[in-house]
Enquirer: 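Below is a structure I'd like to ask you about.
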4 protein chains.
Amino acid sequence: MKKREQQRQQTRATILSAAEHIYASNGFVQSSTQLIAKEAGVAHGTVFLHFQSQEKLILAVINVLGTDITTRIHESAKQSHSLADVLRTHLTAIEIHESIYSHLIMDMPQLPKEAQQTVIGIQSIIAHHFDQVLNQLKKEKQMKDLPISFIFNTWIGLIHYYLTNCGLFAPHGSVLAIYKDELILNFLKLLEVDKS
Amino acid sequence: MKKREQQRQQTRATILSAAEHIYASNGFVQSSTQLIAKEAGVAHGTVFLHFQSQEKLILAVINVLGTDITTRIHESAKQSHSLADVLRTHLTAIEIHESIYSHLIMDMPQLPKEAQQTVIGIQSIIAHHFDQVLNQLKKEKQMKDLPISFIFNTWIGLIHYYLTNCGLFAPHGSVLAIYKDELILNFLKLLEVDKS
Amino acid sequence: MKKREQQRQQTRATILSAAEHIYASNGFVQSSTQLIAKEAGVAHGTVFLHFQSQEKLILAVINVLGTDITTRIHESAKQSHSLADVLRTHLTAIEIHESIYSHLIMDMPQLPKEAQQTVIGIQSIIAHHFDQVLNQLKKEKQMKDLPISFIFNTWIGLIHYYLTNCGLFAPHGSVLAIYKDELILNFLKLLEVDKS
Amino acid sequence: MKKREQQRQQTRATILSAAEHIYASNGFVQSSTQLIAKEAGVAHGTVFLHFQSQEKLILAVINVLGTDITTRIHESAKQSHSLADVLRTHLTAIEIHESIYSHLIMDMPQLPKEAQQTVIGIQSIIAHHFDQVLNQLKKEKQMKDLPISFIFNTWIGLIHYYLTNCGLFAPHGSVLAIYKDELILNFLKLLEVDKS
DNA sequence: CATGAATGAGCGTTCATTCAT
DNA sequence: AATGAATGAACGCTCATTCAT
């Protein structure tokens, strides 16, 4: 019987989940390991049994987050043929982890270097899809002739702006759930060339 | 004689200035009152004499920042007749306080609610100018027909994205000094209607 | 079949040996039971199965050490007829366990009372041989007329001084290997009566 | 009025004294800053206000100790013309700080490098006086022809042996108070040349 | 008004010990 | 008999805040 290993993984998962929850609520920097242990219903020391240090715990949470988001984007991207598809794929993947992703973005400068790599990883994959679809549109003259990097940054900036100001845009719930469609629609309009 | 009162205000100003400097370097959350007192050359307790708590001090600094930025925008806006003027006015005002403004944006969720009001205040004034100039352009059909609020958020998001990733875009210096013109130019192109 | 009991003793011996090794390297106070378990290749809990507590483990290690040293002295002492022989026997026995013996001496005040008994036991046996040979020398007027206990303490003190300052005398290796002969020679000279 | 500064120094002295007391009782390694704060009757944080870290506190205590001992030796040494004088000077200086000095010797390998410098400093000064007086004796052939360093180490070893085993020699009090005279007398006998 | 010494709750982390498996 | 996950008290240290001077 593997009950021991099962319980171990269970506890680890509980802590990870509690941490994710706390980080989503309070941000990474403001959350104490003490609080996470309490939320997880384990002794304070147990946190350090499974994750050697606070930093490792944060990185583990971020890693889970990053892996999940990139996987989702990857899955969805198979059917993404238009720019609209790519944008929707991006937002749908993030929406699921909205609160913690928002904190990740904001706390990033205070987080370890490895954490930044995760964010960069997420953005790389979405940038890649952006690149493909925009190059095609450019060739077909169906899009304004602007540097793709600028367009990408505009998009990311827009999304991050809504996310970091969720208190403003959606005080009690998910910003993306509310604004996703509107954001995509308007962003597409912004890029399109008038066929007059 | 009001020398006493003068001295008092002088000390207050010194602390405020020191805090601004420290916050610009280290961010709001990472800075200790101890360090600020040291930077100001006053006793630690003096900080709490002028500002009841750390929170109040932070709010005071943010308030000064907000006032200065809005004033500058207000001043410049008199001569701002085109969208380009408005954008430039905005960036120039922010550029002066780039470091601390960037930290303000990033630390905001960890700051008291009142801090958000200041940021909203800054954005209100620039939004107002946006509104005026964009409505005119819309009427003249020189601009895409998109909600002004969306355009505004796109612009702010873009700027904030560059500011919060200054480490990426401008590791050793001012992001805006480098990208200001490029950002304005590209953003204008994004909005313009093709006259074909 | 006593295989079960055999296995048990085997495990116990493994832990004991690992503990000895770790204590020799890091000292008694600085070593964790965790580390010892790892070194022994057993689970952490197993340590406490065989030795009820850290203290008991330390005592067991010290006991093994004491037994081995006293046995060696006892063996060698059969052929020790001169003071030089006794001194050499003493140092040779200690030299084999130099590292851990040095730590034992230094950590003693922080160790349980029983630990002191072991050290006293070691010294009793060597004191006994001292006594025998020195009494003879005294009778023969070949040695200064000093209390034997004083001479004994001087010798032990000298040796312990070299051992506790091994970092000074022999930064990379065994102090006794280097100084054994010199120490014996000089100590003998110190005791001898000038035959002028 | 300098009441503030006075009180500050008072508190500092209280902590230093409490630390000295605790270190003398429990040794340096076994003592917690918590306990010292309690003993001093101040808040735990206050300890770190006056001494930045545990290490600094330990070093401060050791420094006071070292300074006092070396000063005393220096003072006494003016009238020390014979070897007996030098030995007595040495022991009298140490006797005053017997317990903490004993712990210093034993905990040394676990203490910061600077702590070792203090011990070396104390021994240097006593070594210097040893050197002077022994060279003279040697010249006059009133002493055995042994390396001065060996004699010195024998003396220090002897003293340290008594100190580190105070529990054995003097369970309830000062070892040196009891054995000082005896140790000096016997050590002198050990060195003297028989004038037969 | 200004000081800065003192506070004490809080932090991340370690480790001997226990106990269900 | 052996495991190793879990515990919880203790550690050194930081820092916003208070208050006697």
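All values reported here derive from a predicted model rather than from experimental measurement. Sequence lines set the chain letters: A, B, ... in the order given, protein chains first and strands last, and positions in each chain run from 1.
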Enquirer: Let me spell it out: for each of C:V29 and B:G45, pick the nucleotide of DNA chain E with the closest heavy atom. Which residue's pick is nearer the 5' end?
Expert: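 The answer here is B:G45.
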Enquirer: With DNA chain F as reference, determine whether B:T33 or C:A43 sits nearer its 5' end, using the nearest nucleotide of each.
Expert: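 It is C:A43, whose closest nucleotide lies nearer the 5' terminus.
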Enquirer: What's the CD-P distance between D:Q30 and E:dA16, to the nearest Å?
Expert: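 Roughly 12 Å, once rounded to whole Å.
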Enquirer: Taking CD from B:Q52 and P from F:dC19, how many angstroms apart are they, rounded to a whole number?
Expert: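 The answer, rounded to whole Å, is 14 Å.
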Enquirer: Students often get this wrong, so: under 4.0 angstrom with heavy atoms, is A:V42 touching a base, only sugar-phosphate, or nothing?
Expert: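 Sugar-phosphate only.
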Enquirer: When you compare the side chains of D:Q30 and D:D107, does any donor N or O come within less than 3.5 Å of an acceptor on the partner?
Expert: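 D:Q30 vs D:D107: no donor-acceptor pair found between side chains.
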Enquirer: Name the one of C:Q54, C:E55, C:K56 that satisfies side chain to side chain donor-acceptor pair (under 3.5 Å) with C:Q52?
Expert: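 By the side chain to side chain donor-acceptor pair (under 3.5 Å) criterion, C:Q52 pairs with just one of C:Q54, C:E55, C:K56: C:K56.
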Enquirer: Which of these nucleotides, E:dT13, E:dA5, E:dT17, is closest to any side-chain atom of A:F48?
Expert: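 That would be E:dT13.
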Enquirer: If you pin A:H50 and B:E55 to their nearest nucleotides in DNA chain F, which one's is more 5'?
Expert: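 Final value for this comparison: A:H50.
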Enquirer: Do any side-chain nitrogens or oxygens of B:Q34 fall under 4.0 Å of OP1 or OP2 in F:dC15?
Expert: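 No, because none of the side-chain N or O atoms of B:Q34 sits under 4.0 Å from OP1 or OP2 of F:dC15.
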Enquirer: Calculate the interatomic distance between A:E5 atom CD and E:dA20 atom P; express it in whole Å.
Expert: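 Rounded to whole Å, this separation is 20 Å.
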Enquirer: Does A:T46 reach a base, just sugar-phosphate, or nothing at all? Heavy atoms under 4.0 Å.
Expert: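 Base contact - A:T46 has a heavy atom under 4.0 Å of at least one base atom.
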Enquirer: Now, which nucleotide makes the Watson-Crick or G-U wobble pair with F:dG12, with each of the two distances under 3.5 Å?
Expert: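 Per the H-bond distance test, E:dC11.
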Enquirer: Rounded to the Å, how far apart are A:Q7 CD and F:dA5 P?
Expert: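 Roughly 11 Å, once rounded to whole Å.
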Enquirer: Distance-only, no hydrogens or angles: does the C:S17 side chain make a donor-acceptor pair with backbone N or O of C:A13 under 3.5 Å?
Expert: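 Flag not set: sc C:S17 to bb C:A13 has no pair under 3.5 Å.
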Enquirer: Tell me whether the side-chain N/O atoms of A:R8 come closer than 4.0 Å to OP1 or OP2 in F:dA5.
Expert: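 True: A:R8 side-chain N/O within range (under 4.0 Å) of F:dA5 OP1/OP2.
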Enquirer: Is there a Watson-Crick or G-U wobble partner for E:dA20 with both distances under 3.5 Å, and which nucleotide is it?
Expert: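 E:dA20 is paired with F:dT3.
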Enquirer: Applying a 4.0 Å non-hydrogen cut-off, can you work out what A:H44 is touching in the nucleic acid: base, sugar-phosphate, or nothing?
Expert: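 Result for A:H44 = base.
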Enquirer: Can you identify which nucleotide, out of F:dC13, F:dT3, E:dA16, has its nearest atom closest to the C:Q54 side chain?
Expert: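 Comparing F:dC13, F:dT3, E:dA16 against the side chain of C:Q54, the answer is E:dA16.
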Enquirer: Let me know, please, whether B:T11 or D:Q10 comes out on the 5' side of the other along DNA chain E by nearest nucleotide.
Expert: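 By nearest-heavy-atom nucleotide position, the 5'-most residue is B:T11.
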Enquirer: Roughly, in whole Å, what's the span from CD in D:Q6 to P in E:dG4?
Expert: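 The answer, rounded to whole Å, is 16 Å.
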Enquirer: Roughly how many Å is it from CG in B:L49 to P in F:dA20, rounded to a whole number?
Expert: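 Roughly 15 Å, once rounded to whole Å.
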Enquirer: Take atom CG of D:L57 and atom C1' of F:dG12, then tell me their distance rounded to the nearest Å.
Expert: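 The distance from CG of D:L57 to C1' of F:dG12 comes to 12 Å, rounded to the nearest Å.
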Enquirer: Whole-Å distance between F:dA2 C1' and C:F51 CZ?
Expert: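 In whole Å, F:dA2 C1' lies 14 Å from C:F51 CZ.
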Enquirer: Can you find a side-chain donor-acceptor pair between B:E114 and B:N63 that sits under 3.5 Å?
Expert: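 No pair is found: no donor N or O on one side chain lies under 3.5 Å from an acceptor on the other.
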Enquirer: Is it true that the side chains of B:Q10 and B:Q6 contain a donor and an acceptor less than 3.5 Å apart?
Expert: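 Looking only at side-chain atoms, B:Q6 and B:Q10 do not form any donor-acceptor pair under 3.5 Å.
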Enquirer: Given the rule in the side-chain contact (heavy atoms from CB on, under 4.5 Å) test, do A:V61 and A:F51 qualify, once you have shown the distances and angles that lead to the verdict?
Expert: CA-CA 11 Å; A:V61 171; A:F51 308 89; over 6 Å; no
